[in-house]
Colleague: 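One structure, pasted below without further comment.
In what follows, every heavy atom counts, from backbone to side chain, and hydrogens, waters and symmetry copies are set aside. Every value quoted in this text rests on a predicted model; they were computed, and no experiment measured them.
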Amino acid sequence: MNNDLPTTDRGNILVVDDTPANLRLLAGILNGQGYKVRPVPSGELALSAAKGMPPDLILLDIMMPEMNGYEVCEKIKADERTRNIPVIFISAINDVLDKVKAFAVGGVDYITKPFQMEEVLVRVETHLAMCQLQKKLQQKNDELTVTLDQLQATQNQLVQSEKMAALGQLIAGIAHEINTPLGAIRSSIGNITSFLDNNLESLPVFFKELSTERQHDFVSLMQSSSQQTYSLSTREKRGLKKGVKQQLESEGIGNADSLASILVNIGLPENLQEFLPLLKDPDSENIIKTAYDFASIHRSARTIATATERAAKVVFALKNYARYDVNGEKIQVNITQGIETVLTLYQNQIKQGVEVVRNYQAQLPAVLCYPDELNQVWTNLIHNALQAMDNQGTLTIEAVQKDTSVLVKITDSGKGIPPEILPKIFEPFFTTKPAGEGSGLGLDIVKKIIEKHQGKIDVESVPGKTAFTVSLPINLTE
């Protein structure tokens with residue numbers, strides 16, 4: 001057990017017992033380990049304390065006057081505010097039927113008096129750890145719900161604004177970008193929930209029976225797994241397993257095949273000398289399997305964190321894209337940030353086979369502009385470039401300062417614009433797209449926005465290279 005955690009992180013425990021000596025003993029043990037302890041001598045006071053300030057864990061005596069522990073637990077589990085608090089019964093009653101009843105009314109564990117201090121601490125720490133995992137899982141679910149709600153609200157704003165014809169395709173790509181991390185989160189939550197459902201009751205016994213040496217080995221296995229930051233192919237796993245199995249057999253370890261599979265999956269290096277005492281333990285497979293299960297929970301939690309960050313990145317880009325300049329005022333903006341926002345929103349199309357090459361000048365000066373309108377420019381130009389390449393090719397974006405202006409050049413490796421069409425592309429309603437796929441206003445709107453910014457746009461095109469160059473003054477005058 002880790003006894004070095006700060007007091008504020010260890011947990012708030014409500015201890016209920018009608019015997020003052022027992023209260024003092026338990027409070028002393030738990031306080032000494034850094035827990036915040038609230039001792040109460042009766043069931044009524046326990047209910048009041050739990051509702052007023054719900055604890056992280058309740059240690060509950062059974063034999064008490066007026067209201068016994070079973071009744072207290074039933075009332076706790078019947079109340080919306082307290083039903084999720086884990087309850088550990090501590091009682092001198094050692095009858096099997098009494099223990100069964102304790103679990104039936106909602107208890108998560110049962111400790112028989114007289115108890116050993118080490119046993120109490122192991123079980124308390126185990127159930128607090130399980131409780132913390134569940135809270136973190138709920139927090140991630142809540143964060144995901146908020147993220148998805150924000151996404152939906154921002155998408156609605158984008159659709160209603162009707163900024164350009166490309167918006168429908170853009171939203172479809174965004175939905176795909178959200179579904180991918182959402183699927184990863186669902187899968188990870190399923191892994192964590194399955195582990196808790198199948199192992200919660202057996203974990204206290206498992207940790208209680210571990211010797212000091214095996215506890216050290218267990219922690220080392222967890223640390224080894226957490227340091228594995230890459231995935232192995234099936235072929236690589238087979239090769240590693242063969243080497244691990246040979247080492248195990250050379251040491252005379254019987255269940256070498258099954259142990260080798262678990263050790264490879266957990267990320268243990270081929271040098272097993274440090275863990276030979278564990279591997280020769282009769283219960284080695286169970287210990288290693290449990291360590292692997294905990295490592296899987298850790299990986300699932302990291303997956304949830306990564307997927308949530310990915311979804312949040314898309315939402316942040318959407319919020320930047322659709323922020324609206326309600327006052328119509330110019331502000332100082334980093335041009336490349338706006339371009340990166342649009343690239344994030346088009347990630348679904350880009351990842352199909354487009355290489356993005358960024359050539360941004362370091363310390364590019366901010367430009368005084370109308371950022372929402374410039375976002376329309378970057379969206380239209382990037383959308384057209386991706387369509388010209390059928391989402392297969394190289395998209396090069398350059399941003400540099402030239403005298404008192406910033407130049408942005410967007411180049412695609414598509415089939416190019418025919419010379420006879422090139423002079424007409426900025427004309428209103430001119431389009432080469434099939435009916436219903438474009439209004440012919442996209443580049444006309446782009447040109448008008450750039451002119452509003454006292455800038456200019458040029459185009460040059462040959463097969464395999466089409467480049468739009470936008471020039472914007474750094475300080476826009478009235």
Side-chain angles (χ1 to χ4, degrees), residues 1 11-30 33 35-135 193 195-210:
M1 292 182 296
N12 185 308
I13 303 175
L14 183 66
V15 180
V16 189
D17 199 308
D18 64 323
T19 304
N22 290 342
L23 280 179
R24 287 194 298 271
L25 177 60
L26 283 169
I29 292 172
L30 296 171
Q33 295 298 314
Y35 296 106
K36 182 178 180 181
V37 182
R38 288 186 287 158
V40 293
S42 70
E44 287 291 347
L45 289 175
L47 292 174
S48 177
K51 293 174 183 177
M53 186 183 296
D56 299 311
L57 179 70
I58 298 175
L59 296 180
L60 181 59
D61 187 25
I62 294 178
M63 300 301 293
M64 296 185 295
E66 299 181 7
M67 184 186 301
N68 63 41
Y70 299 133
E71 295 171 307
V72 174
C73 189
E74 286 178 331
K75 292 182 181 295
I76 286 172
K77 297 302 175 181
D79 193 304
E80 184 75 25
R81 295 165 293 180
T82 57
R83 65 176 50 172
N84 292 323
I85 301 172
V87 176
I88 298 178
F89 285 98
I90 297 185
S91 176
I93 304 174
N94 198 26
D95 188 78
V96 172
L97 292 178
D98 290 292
K99 292 182 179 180
V100 171
K101 183 175 181 180
F103 286 109
V105 298
V108 297
D109 210 341
Y110 194 106
I111 300 174
T112 304
K113 296 178 182 177
F115 51 78
Q116 297 294 322
M117 179 180 71
E118 292 79 8
E119 178 185 8
V120 173
L121 292 176
V122 166
R123 298 199 183 200
V124 165
E125 186 167 337
T126 297
H127 287 291
L128 284 174
M130 294 299 102
C131 185
Q132 189 63 28
L133 277 174
Q134 290 174 323
K135 287 181 179 179
T193 302
F195 173 82
L196 295 177
D197 289 343
N198 296 328
N199 298 282
L200 189 58
E201 292 185 5
S202 62
L203 283 175
V205 176
F206 171 81
F207 285 113
K208 178 184 175 183
E209 293 177 349
L210 281 182

Colleague: Would Tyr35 and Leu128 count as a side chain to side chain contact (heavy atoms under 4.5 Å, CB included) if you check the C-alpha gap in whole Å, the side-chain angles of each, and the deciding distance to 0.1 Å?
Modeller: CA-CA 11 Å; Tyr35 296 106; Leu128 284 174; 3.3 Å; yes

Colleague: Can I get a per-line list of side-chain donor-acceptor pairs under 3.5 Å for residues 37-54, giving both atom names and the distance, sequence neighbours left out?
Modeller:
unit_1: Arg38; atom_1: NE; unit_2: Asn12; atom_2: OD1; d: 3.3
unit_1: Arg38; atom_1: NH1; unit_2: Ala49; atom_2: O; d: 3.4
unit_1: Arg38; atom_1: NH1; unit_2: Met53; atom_2: O; d: 3.3
unit_1: Arg38; atom_1: NH2; unit_2: Met53; atom_2: O; d: 2.5
unit_1: Ser42; atom_1: OG; unit_2: Leu45; atom_2: N; d: 3.3

Colleague: Just verifying a value: how many Å separate Ile93 CD1 and Met63 CE, rounded to the nearest 0.5 Å?
Modeller: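 Between atom CD1 of Ile93 and atom CE of Met63 there are 5.0 Å.
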
Colleague: Taking all non-hydrogen atoms of both residues, which atom of Ile76 and which atom of Thr82 are closest, and how far apart?
Modeller: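 Between these two residues, the closest heavy atoms are O-OG1, 2.7 Å.
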
Colleague: Indicate the atoms forming the closest heavy-atom contact of Gly106 with Cys73, along with that distance.
Modeller: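 Scanning both residues, the minimum pair turns out to be C-SG, 4.0 Å.
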
Colleague: Apply the test side chain to side chain contact (heavy atoms under 4.5 Å, CB included) to residues Asn22 and Phe115: give CA-CA distance (whole Å), side-chain angles for both, the deciding distance (0.1 Å), then the verdict.
Modeller: CA-CA 11 Å; Asn22 290 342; Phe115 51 78; 5.8 Å; no

Colleague: Just so I know, are the side chains of Pro55 and Lys36 near enough to count as touching, which here means a heavy-atom distance under 4.5 Å?
Modeller: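 A side-chain contact under 4.5 Å is absent here.
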
Colleague: Heavy atoms, side chains only, cut-off 4.5 Å: are Gln134 and Asn84 in contact?
Modeller: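 No. Closest side-chain heavy atoms not under 4.5 Å.
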
Colleague: So, the side chain of Lys101 versus the backbone of Val96: is there a donor-acceptor pair under 3.5 Å, distance only?
Modeller: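 Not at all, since once roles are kept as given, no pair shorter than 3.5 Å links the two residues.
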
Colleague: In chain order, what residues pass the side chain to side chain contact (heavy atoms under 4.5 Å, CB included) check against Arg83, with sequence neighbours excluded?
Modeller: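 Result, side chain to side chain contact (heavy atoms under 4.5 Å, CB included) vs Arg83: Glu80.
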
Colleague: Are Val16 and Val72 packed together at the side-chain level, in the sense that at least one heavy-atom pair is separated by less than 4.5 angstrom?
Modeller: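 No, side chains not in contact.
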
Colleague: Between CZ of Arg123 and CD1 of Ile88, what distance do you get to the nearest 0.5 Å?
Modeller: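 Nearest 0.5 Å value for the CZ-CD1 distance: 8.0 Å.
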
Colleague: Under a 3.5 Å distance rule, please check whether Glu71 uses its side chain to pair with a backbone N or O of Asn68 as donor and acceptor.
Modeller: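 Checked: pair present.
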
Colleague: Might you point out which heavy atoms bring Tyr110 and Ala102 nearest each other, and give the distance in Å?
Modeller: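 Smallest heavy-atom distance, with atoms named: CD1-CB, 3.6 Å.
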
Colleague: Starting at CD of Gln33, measure out to CD1 of Ile29 and round the result to the nearest 0.5 Å.
Modeller: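 Here the rounded value is 9.0 Å.
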
Colleague: What residue among Leu30, Leu23, Asp109 forms side-chain contact (heavy atoms from CB on, under 4.5 Å) with Leu59?
Modeller: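 Among Leu30, Leu23, Asp109, the one that satisfies the side-chain contact (heavy atoms from CB on, under 4.5 Å) with Leu59 is Leu30.
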
Colleague: Could Asp61 and Lys113 be called an ion pair, given the rule that one side-chain N must be under 4.0 Å from one carboxylate O?
Modeller: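 Looking at Lys113 together with Asp61, the answer is yes, because their closest N to O distance falls below 4.0 Å.
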
Colleague: Indicate yes or no: at least one non-hydrogen side-chain atom of Thr112 is less than 4.5 angstrom from one of Lys99.
Modeller: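 A side-chain contact under 4.5 Å exists here.
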
Colleague: Can you tell if the side chain of Ile90 reaches within under 4.5 Å of the side chain of Leu26, non-hydrogen atoms only?
Modeller: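 They are in contact (side-chain heavy atoms under 4.5 Å apart), so the answer is yes.
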
Colleague: Please check this pair: side chain of Tyr70 against backbone of Asp98, looking for a donor-acceptor N/O pair closer than 3.5 Å.
Modeller: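 Side chain of Tyr70 to backbone of Asp98, a donor-acceptor pair under 3.5 Å: yes, one is there.
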
Colleague: Atom NE2 in His127, atom CD1 in Ile58: separation rounded to 0.5 Å?
Modeller: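 These two atoms lie 13.0 Å from each other.
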
Colleague: Nearest heavy-atom pair of Phe89 and Ile62: which atoms, and what distance?
Modeller: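 The pair with the smallest heavy-atom distance is CD2-CG1, 3.5 Å.
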
